[in-house]
Amino acid sequence: VEPVVVVHGGAWAVPEELWDESLQGVKAAARRGYGVLTAGGSSVDAAEASVVCLEDNPVFDAGTGSVLTFDEQVEMDAIIIDGTTMEAGAVGAIRNVLNPVKVARLVMEKTDHIMLVGDGANKFAAAHGVQEVDPEVLITSLARQTLAKYKKYTSTVYHLFNKTEKPETSGHE
Amino acid sequence: TVGCVVVDREGHTSCATSTGGITAKMPGRVGDTPIVGAGGFADDQVGAVSTTGHGEAIMKACLARHITSVMGTGESVKSSIQNGLAHMESRIKGFGGAIAVSCKGEVGTHFSTPRMTWAYIQAGKLHYGIHPNQHVTEDL
């Protein structure tokens with residue numbers, strides 16, 4: 001089989017000011033994973049390496065650069081699957097780690113479970129040597145601006161239309 | 001959201017997907033990304049998929065599993081992704097995108113949102129794009 005590494009940086013209405021950085025980011029991530037593969041790494045090693053590269057790039061909504069919850073926190077989700085064994089590992093709503101996909105891989109390889117969430121995921125990560133980082137490290141000015149705009153816009157809408165229900169979230173994964 | 005799918009020389013497949021979620025999400029809300037068969041799926045007998053888009057819709061549609069199921073019937077990878085996204089749009093009014101690779105090394109990318117950045121390397125060439133129907137190729 002001709003080996004291949006494919007990556008994506010998210011499907012959404014990517015604004016023009018992010019087009020170039022986003023393309024450079026996915027190209028770099030594809031190169032990273034392909035390099036791991038050609039150096040003898042497994043397909044899991046390559047997939048993890050590419051996603052780590054994307055998580056570390058603040059232009060993408062994952063790892064550093066993640067968007068904010070309504071409470072101005074970063075909560076991240078990740079999964080990794082080995083197609084040979086169909087083993088899977090995942091984390092949900094994990095906080096304060098640079099690379100959630102690395103914790104997902106630890107879940108796959110070190111537990112009998114598929115997914116750990118919230119505090120449990122963070123405790124598991126810490127127990128396996130994953131260092132917690134200051135939450136500020138993960139938060140970009142763009143993420144703060146986007147949340148501020150969201151809150152301002154939705155409060156205006158609710159005032160104008162006298163809505164009383166909680167506003168819907170915007171954007172998507 | 002970001003993601004990756006891989007097939008190696010022996011036909012071993014893997015996928016990984018990671019996300020910070022949605023702006024202003026309810027604390028504790030978890031989307032499709034960490035759900036097997038929604039945010040990703042991999043099976044050496046068929047291939048691997050990573051998805052992105054409206055998380056709740058992707059979960060309802062089990063999008064990654066849907067796409068691999070169609071791939072398993074012999075459909076092309078790209079056509080399988082289009083099938084999955086069309087199903088999600090028609091049944092749930094959800095939009096998104098996906099990347100996939102078959103166990104034989106066939107690649108597919110497609111999205112129903114305005115844009116999706118993607119790239120892949122195969123046989124000494126780097127392929128990438130962001131706009132619908134854009135496909136740029138460079139020699140490595």
Side-chain angles (χ1 to χ4, degrees), chain A residues 1-14 19 22-23 26-27 30 33-34 37 43-44 46-48 50-51 54-55 60-62 66-71 74-84 86 88 90-93 100-101 114-115 146-147 150 169-173, chain B residues 1-28 30-34 36 39-44 48 50 52-55 96-97 99 101 103-105 107 109 111 113-123 126 128 130:
Chain A
V1 177
E2 186 65 49
V4 58
V5 173
V6 194
V7 304
H8 71 77
W12 59 300
V14 186
W19 290 355
S22 298
L23 279 173
V26 290
K27 287 157 74 173
Y34 198 75
L37 204 56
S43 62
V44 176
E48 181 187 8
S50 283
V51 168
L54 294 160
E55 287 177 336
F60 300 112
D61 173 24
S66 290
V67 298
L68 299 175
T69 67
F70 199 80
D71 294 348
V74 169
E75 289 184 350
M76 301 166 287
D77 310 326
I79 189 170
I80 193 162
I81 305 175
D82 180 342
T84 301
M86 293 181 74
V91 290
V101 73
I114 302 291
M115 193 193 310
T146 306
L147 181 64
Y150 170 87
T169 53
S170 67
H172 52 73
E173 276 74 12
Chain B
T1 301
V2 301
C4 178
V5 294
V6 179
V7 63
D8 69 12
R9 206 169 291 282
E10 285 76 42
H12 298 312
T13 62
S14 292
C15 73
T17 311
S18 182
T19 190
I22 52 177
T23 292
K25 72 171 182 172
M26 186 183 295
V30 172
D32 65 292
T33 295
V36 176
F41 193 73
D43 177 355
D44 280 6
S50 172
T52 166
H54 291 131
I99 56 174
V101 63
C103 56
K104 294 183 168 59
V107 176
T109 70
F111 49 97
T113 52
R115 281 170 282 281
M116 179 180 82
T117 45
W118 57 269
Y120 69 89
I121 294 177
Q122 188 174 42
L126 172 66
Y128 60 90
I130 181 169

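In what follows, chains carry the letters A, B, and so on, assigned in the order in which the sequence lines appear, proteins first and then strands, with residues in each chain numbered from 1.
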Under 4.5 Å between any side-chain heavy atoms of [X] and [Y], yes or no?
{"X": "B/Asp43", "Y": "B/Thr13", "value": "no"}
{"X": "A/Ile79", "Y": "B/Val36", "value": "yes"}
{"X": "B/Glu10", "Y": "B/Asp44", "value": "no"}

Side chain, backbone, both or neither: which part of [X] has a heavy atom under 4.5 Å from chain B?
{"X": "A/Leu37", "value": "side chain"}
{"X": "A/Val91", "value": "backbone"}
{"X": "A/Ala88", "value": "side chain"}

When heavy-atom pairs shorter than 4.5 Å are enumerated against chain A, which of [options] gives the highest number?
{"options": "B/Ala123, B/Gly11, B/Gly105", "answer": "B/Ala123"}
{"options": "B/Pro27, B/Pro114, B/Pro34", "answer": "B/Pro34"}
{"options": "B/Gly28, B/Gly97, B/Gly40, B/Gly39", "answer": "B/Gly28"}
{"options": "B/Gln122, B/Arg115, B/Arg9, B/His12", "answer": "B/Arg115"}

Could you have a look at [options] and say which one has the most heavy-atom pairs with chain B under 4.5 angstrom?
{"options": "A/Ala47, A/Ala90, A/Pro100", "value": "A/Ala47"}
{"options": "A/Leu54, A/Val14, A/Asp82, A/Leu147", "value": "A/Val14"}
{"options": "A/Val26, A/Val7, A/Thr69, A/Val5", "value": "A/Val7"}
{"options": "A/Asp71, A/Ile80, A/Thr84", "value": "A/Thr84"}
{"options": "A/Met115, A/Met76, A/Met86", "value": "A/Met86"}

Side chains of [X] and [Y]: donor-acceptor distance under 3.5 Å anywhere?
{"X": "B/Ser18", "Y": "A/Glu55", "result": "yes"}
{"X": "A/His8", "Y": "B/Thr109", "result": "no"}
{"X": "B/Asp8", "Y": "A/Ser43", "result": "no"}

Segment of [X] engaging chain A (4.5 angstrom heavy-atom cut-off):
{"X": "B/Leu126", "result": "side chain"}
{"X": "B/Val101", "result": "side chain"}
{"X": "B/Val107", "result": "side chain"}
{"X": "B/Ala48", "result": "neither"}

Practice task
Any chance you could lay out the side-chain contact (heavy atoms from CB on, under 4.5 Å) test for B/Tyr120 and A/Tyr34, step after step, and finish with the verdict?
Solution key: CA-CA 9 Å; B/Tyr120 69 89; A/Tyr34 198 75; over 6 Å; no
Problem - Worked check of side-chain contact (heavy atoms from CB on, under 4.5 Å) between B/Thr23 and A/Leu68 - result: CA-CA 5 Å; B/Thr23 292; A/Leu68 299 175; over 6 Å; no
Exercise for the section: Keeping the roles fixed (side chain from B/Ser14, backbone from A/Val44), state whether a donor-acceptor pair exists under 3.5 Å. Expected result: yes
Handout entry: Name of the residue among B/Thr33, B/Thr17, B/Thr1 meeting side-chain contact (heavy atoms from CB on, under 4.5 Å) with A/Asp77
Key =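 Exactly one pass, corresponding to B/Thr33.
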